[in-house]
Undergrad: 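There's a structure below that I have some questions on.
Just so you know, these numbers come straight off a predicted model, no measurement behind them.
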Amino acid sequence: MSVNRERRKSRGRRKKLEEPMAVDDEISQLKSESRRMKKKIIIEDEMEINDEMTNSEIKSGEDVKDGICTVHRVKFFDYQPTAIHCMAYDEDSERLAVVRSDGAIEIWNMKHNFNQERVIPGSRTSKLDSVTWVKGRLFTTGFQGDITEYDLVKNTVKYSVLYGNAAWCLAANHAGTLLATGSDNGCIRLFDLTTEKVTYDRMLNPQDQRIVSLAWHKSDEIIVTGSIDNMKVWNVITGNAVQRITLQRTFKKKETIVWCVAILSDHTIVSGDSTGRTMFWDGRVGTMLKGYTSHRMDILTMCVTKDETSVFTTGVDPTIVQFTLAVTDDRLGTKAWVRNRHIAFGHTHDIRAMVIAGNFLVSGGLDTNLVTNPIEVSPGHSQIRGQIEKYKRLYHAFPQKSLIKCAGESKLLLFQYPYHLEVWKLGSTSDATDKDVASLTVSEQPLKLLDILTKGIDQIVCSSISKDGAWIAYSDVHRVKLFHLNLDVPSLQKVACLPMQLGPTHHLVFSCDSSKLFLATDSCSVQVLLLDEIQPTLQHTFHAMENSILVLEADSSGTFVAAADAEGNVIVYNVNNFKVHCRLPTYASQPKAVAFNPHSQEIFVAYSDQMLYEYNLELKSYTDWSRSLHRCKIHHAWLRRRHKVTRVMYSATNPNIVFVYDVNMLCAIDKSKPLPKAHQQLFKKGSIQEPNDKRVITHGFNIHQQFKPLLFLDNVDLDKSLVMVEYVMQRFIESLPATLKQKKFGT
């Protein structure tokens with residue numbers, strides 16, 4: 001498809017309640033490949049005046065009664081990804097903790113196909129600078145000086161202990177019994193981890209300068225620390241420094257800061273400093289073994305492989321450098337550290353964190369991207385390209401749990417931000433067209449109705465709006481709040497008398513008739529709240545599930561609600577008799593999305609390993625389509641997708657159409673068509689769609705890749721249209737600071 005781009009420059013800063021303006025675009029025509037009736041698709045583009053326009057189109061084979069499908073393309077959701085500050089990997093549970101600059105902590109499960117399992121929300125005061133795992137327990141510290149442990153079921157802070165000044169670094173010994181922190185006043189404090197709660201143990205002899213990095217030796221008797229112009233080796237038993245290593249300054253008046261250190265089993269110390277030098281030292285005598293000016297700016301982080309044969313360093317210069325312990329003399333068997341390879345994939349700005357997670361080298365930094373690379377690449381391997389591509393991945397910092405909700409009956413959108421909510425009314429058009437695909441002028445502009453600001457310091461965990469737009473609810477880590485919205489004269493009234501049994505929730509869903517609110521609590525149970533403007537009542541609390549609830553969905557009839565937890569369980573509750581209707585067969589991977597069919601008693605589930613299942617609630621068994629899908633095997637290209645499904649949704653007009661999407665693609669699955677064969681092409685290469693492309697898609701997986709990043713898709717009930725929320729990447733890229741200037745050939 002030919003893609004035309006039109007940019008309109010902003011004439012001034014947008015005011016708080018300024019309405020976004022619509023921009024017309026030209027879209028190439030495309031004849032429908034469906035053997036059914038021709039379908040006209042009208043695309044409404046609703047965006048702000050300073051948005052960059054991207055022309056695109058939808059092609060779908062679903063039948064619509066009048067042949068018209070209107071799509072509201074929304075591009076004014078001002079989501080702001082945040083930088084990665086630090087990371088840590090737990091080998092036992094195979095989970096990766098990623099700490100963002102806003103204090104939020106993402107937990108990625110490597111066992112479940114690199115799946116973002118949960119997010120622990122941050123707060124206005126949490127500025128975390130270091131994180132570590134200890135036997136499945138997660139600890140952080142930062143410039144507040146406190147050590148915090150987290151509850152990985154409730155997704156909140158378990159407790160915090162405060163000792164001393166701001167802490168720059170945090171590391172646990174290999175036995176998992178002691179936790180060491182390096183503080184701003186030059187103290188190394190040790191904490192006991194053998195009890196249920198962290199307790200202060202002792203402090204090593206203080207030094208004059210701040211300690212910005214530290215590492216434990218495998219014997220757990222030695223700690224090496226990095227500071228300004230020097231490093232020190234400490235005896236943990238005596239508490240004294242047994243070795244001081246002074247670093248030479250590049251410029252006399254400019255300090256050399258050792259941002260990262262590591263100590264190997266043979267007492268080799270590896271340091272990365274603010275001059276871009278990677279140095280290898282003999283820790284016993286304090287002499288330098290080898291030194292490389294490997295980076296043009298500060299080295300901020302490093303990691304060592306488990307066998308201690310490779311070291312990776314990176315920093316402000318967004319290039320990862322690998323050093324390998326190589327044999328330099330076969331006859332004498334001598335070894336030396338040599339520079340092996342450079343990795344320059346995925347990052348444009350400072351890399352602040354890097355860890356080894358299984359076979360992945362995972363890195364993140366200021367550009368917010370989470371990037372993986374292979375640890376080792378065999379030079380003589382015949383399939384070296386496939387070896388690299390298997391582990392080379394880039395994950396943008398888009399939420400895997402949708403932050404957008406739609407009130408279809410009133411054409412409202414609810415946008416969730418960390419500390420406030422926005423309610424927008426969709427625009428409309430009065431134009432008409434005879435073209436198969438067209439873009440129409442927005443006659444009624446989209447309008448922001450209100451802002452809901454939080455008063456506390458904690459981030460919003462979840463939010464929801466009812467179908468009729470009369471109710472809005474959100475929750476933080478402490479409580480749920482409920483509001484009644486009057487649309488005639490936009491006004492908001494807080495419902496003060498909520499039941500005391502309501503606790504913090506991870507998910508909120510209103511029933512389709514807007515009479516009930518379903519809550520997935522942090523205690524892993526589902527609650528049913530009967531709505532009332534004065535005093536809502538708690539109708540029922542279902543028994544707790546095995547682990548945190550990841551997905552919560554309600555059906556259109558108001559009879560069923562489905563909850564899926566982190567253990568792969570999916571339970572369907574009957575909210576009329578308050579009993580468990582059925583349990584879907586437990587699956588090894590974690591559920592990512594659940595949807596009820598509004599036309600029949602069927603439920604669709606997408607899992608983190610990209611598998612899809614459809615279940616009949618009346619027969620309590622998998623549907624024929626689902627059995628056929630797994631008997632014939634899902635297409636290999638579908639299973640190789642990197643991004644997980646964000647949401648699943650049945651068509652409001654055709655019971656055979658299921659929309660499945662992630663940030664990079666939208667797939668309209670037609671269950672009445674045959675499944676794609678292994679030899680058929682599922683994803684188009686090169687351009688997305690040529691205008692005169694007359695190829696006919698004979699299978700049921702109709703995939704569109706022009707809508708990306710795609711953050712949300714839902715039905716608008718009034719006119720049977722769709723609303724689509726996309727993110728304008730250019731807006732975020734322009735907000736990033738300037739990159740490190742690199743000299744190019746000929747300049």
Side-chain angles (χ1 to χ4, degrees), residues 118 121 123 151 153-158 401 405 407 414 416 419-421 423 450 452-486 491-555 557-565 571-581:
R118 64 188 75 236
S123 68
D151 189 321
V153 174
K154 294 186 175 182
N155 299 344
T156 185
V157 173
K158 198 172 184 179
K401 183 178 78 171
K405 295 293 188 296
L414 176 69
Q416 176 184 321
Y419 301 105
H420 78 282
L421 302 173
V423 179
L450 56 90
I452 302 176
L453 307 178
T454 61
K455 294 182 179 179
I457 63 172
D458 298 298
Q459 291 182 355
I460 298 173
V461 176
C462 59
S463 60
S464 187
I465 186 170
S466 61
K467 288 291 183 182
D468 60 2
W471 298 96
I472 296 175
Y474 78 86
S475 175
D476 56 21
V477 295
H478 298 295
R479 63 188 65 85
V480 176
K481 293 189 178 181
L482 181 65
F483 301 89
H484 187 264
L485 176 61
N486 185 356
S491 61
L492 199 67
Q493 177 184 354
K494 182 180 177 181
V495 180
C497 299
L498 293 178
M500 294 294 294
Q501 300 92 329
L502 290 185
T505 62
H506 295 164
H507 300 274
L508 293 165
V509 176
F510 286 95
S511 60
C512 280
D513 61 0
S514 303
S515 64
K516 297 176 182 177
L517 174 64
F518 305 111
L519 308 92
T521 68
D522 64 355
S523 58
C524 311
S525 62
V526 176
Q527 293 181 326
V528 182
L529 183 69
L530 185 63
L531 297 176
D532 183 80
E533 294 183 28
I534 300 175
Q535 190 169 6
T537 56
L538 181 64
Q539 282 193 313
H540 189 74
T541 300
F542 292 98
H543 291 296
M545 300 184 73
E546 294 182 21
N547 205 325
S548 302
I549 297 176
L550 304 181
V551 185
L552 185 71
E553 284 293 336
D555 76 331
S557 66
T559 305
F560 300 116
V561 61
D565 69 5
I571 300 178
V572 179
Y573 301 101
N574 189 316
V575 295
N576 291 333
N577 58 20
F578 302 120
K579 292 182 179 180
V580 174
H581 177 75

Undergrad: Please walk me through it: do L502 and Q527 pass side-chain contact (heavy atoms from CB on, under 4.5 Å)?
TA: CA-CA 8 Å; L502 290 185; Q527 293 181 326; 3.2 Å; yes
Undergrad: Before giving the answer on side-chain contact (heavy atoms from CB on, under 4.5 Å), spell out for L482 and W471 the whole-Å C-alpha distance, their side-chain angles and the decisive distance to 0.1 Å.
TA: CA-CA 7 Å; L482 181 65; W471 298 96; 3.9 Å; yes
Undergrad: For N547 and V153, run side-chain contact (heavy atoms from CB on, under 4.5 Å): C-alpha distance rounded to whole Å, both residues' side-chain angles, the deciding distance at 0.1 Å, then the answer.
TA: CA-CA 6 Å; N547 205 325; V153 174; 4.1 Å; yes
Undergrad: Measure the spacing between CD1 of I465 and CZ of F510 and express it to the nearest 0.5 Å.
TA: 8.0 Å
Undergrad: Is there side-chain contact between C462 and L508, with at least one heavy-atom pair below 4.5 Å?
TA: yes
Undergrad: Of all heavy-atom pairs between V509 and S464, which one has the smallest distance, and what is that distance?
TA: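 Taking every non-hydrogen atom into account, CA-OG, 4.1 Å.
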Undergrad: Quick one: does N574's side chain have a donor or acceptor within less than 3.5 Å of a partner on V580's backbone?
TA: no
Undergrad: Is the backbone N or O of P121 less than 3.5 Å from a side-chain atom of Q459, with the two atoms forming a donor-acceptor pair by type?
TA: no
Undergrad: Is there a donor-acceptor contact under 3.5 Å linking the side chains of S514 and D468?
TA: yes
Undergrad: Crowded around K516 NZ? As in, over 12 foreign heavy atoms under 6.0 Å?
TA: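 Atom NZ in K516 is packed in, count exceeds 12.
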Undergrad: Are any of the side-chain heavy atoms of Y474 and V461 separated by less than 4.5 Å?
TA: no
Undergrad: Are side-chain heavy atoms of D555 and T559 found at a separation under 4.5 Å?
TA: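 Sidechains of T559 and D555: in contact.
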Undergrad: On a heavy-atom basis, which atom in I472 and which in V423 lie closest, and how many Å separate them?
TA: CD1-CG2, 3.6 Å
Undergrad: Verify, without hydrogens or angle tests, whether S123 (side chain) and D458 (backbone) share a donor-acceptor contact under 3.5 angstrom.
TA: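 A pair under 3.5 Å: no.
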Undergrad: T454 side chain to Y419 main-chain N or O, any donor-acceptor pair under 3.5 Å?
TA: yes
Undergrad: Which heavy atom in C497 sits nearest to a heavy atom in P536, and how many Å separate them?
TA: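 Of all heavy-atom pairs spanning C497 and P536, the closest is O-CD, 3.3 Å.
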Undergrad: Does L552 form a side-chain contact (heavy atoms from CB on, under 4.5 Å) with L519? I'd like the steps, not just the answer.
TA: CA-CA 8 Å; L552 185 71; L519 308 92; 5.9 Å; no
Undergrad: Would the distance check show the side chain of S525 and the main-chain N or O of T541 forming a donor-acceptor pair, the cut-off being under 3.5 Å?
TA: no
Undergrad: Could you state the interatomic distance from NE2 (H478) to CG (D522), rounded to the nearest 0.5 Å?
TA: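 H478 NE2 to D522 CG: 11.0 Å, rounded to 0.5 Å.
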Undergrad: So how far is it from H484 NE2 to I534 CD1, rounded to the nearest 0.5 Å?
TA: 11.0 Å
Undergrad: Could you check if a side-chain atom of F483 sits within less than 4.5 angstrom of a side-chain atom of V495, using non-hydrogen atoms only?
TA: no
Undergrad: State, to 0.1 Å, how close S548 and C524 come at their nearest heavy-atom pair, and which atoms those are.
TA: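 Where S548 meets C524 most closely, the heavy atoms are N-SG, 3.8 Å.
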Undergrad: Please state whether the rings of F542 and F578 are parallel, tilted or perpendicular, taking 30° and 60° as the class boundaries.
TA: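 Judged by the thresholds at 30° and 60°, the geometry between F542 and F578 is tilted.
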Undergrad: I need the F560 CZ to N576 CG distance, nearest 0.5 Å.
TA: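 Spacing of CZ (F560) from CG (N576) equals 8.0 Å.
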Undergrad: Would you compute the distance between atom CZ of R118 and atom CD1 of I549 and round it to the nearest 0.5 angstrom?
TA: 11.5 Å
Undergrad: For the CG atom of L414 and the CD1 atom of I452, what is their distance to the nearest 0.5 Å?
TA: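 The CG atom of L414 sits 7.0 Å away from the CD1 atom of I452.
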Undergrad: What I'd like to find out is whether the side chain of K579 reaches to under 4.5 Å of the side chain of H581, using heavy atoms alone.
TA: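 Counting from C-beta outward, K579 and H581 never come under 4.5 Å.
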Undergrad: Output every pair passing side chain to side chain donor-acceptor pair (under 3.5 Å) with a member in residues 495-510, not counting sequence neighbours, ordered by first then second residue.
TA: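 Matches after skipping sequence neighbours: S475-T505.
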Undergrad: Side chains of D476 and P504: closer than 4.5 Å at any heavy-atom pair?
TA: no
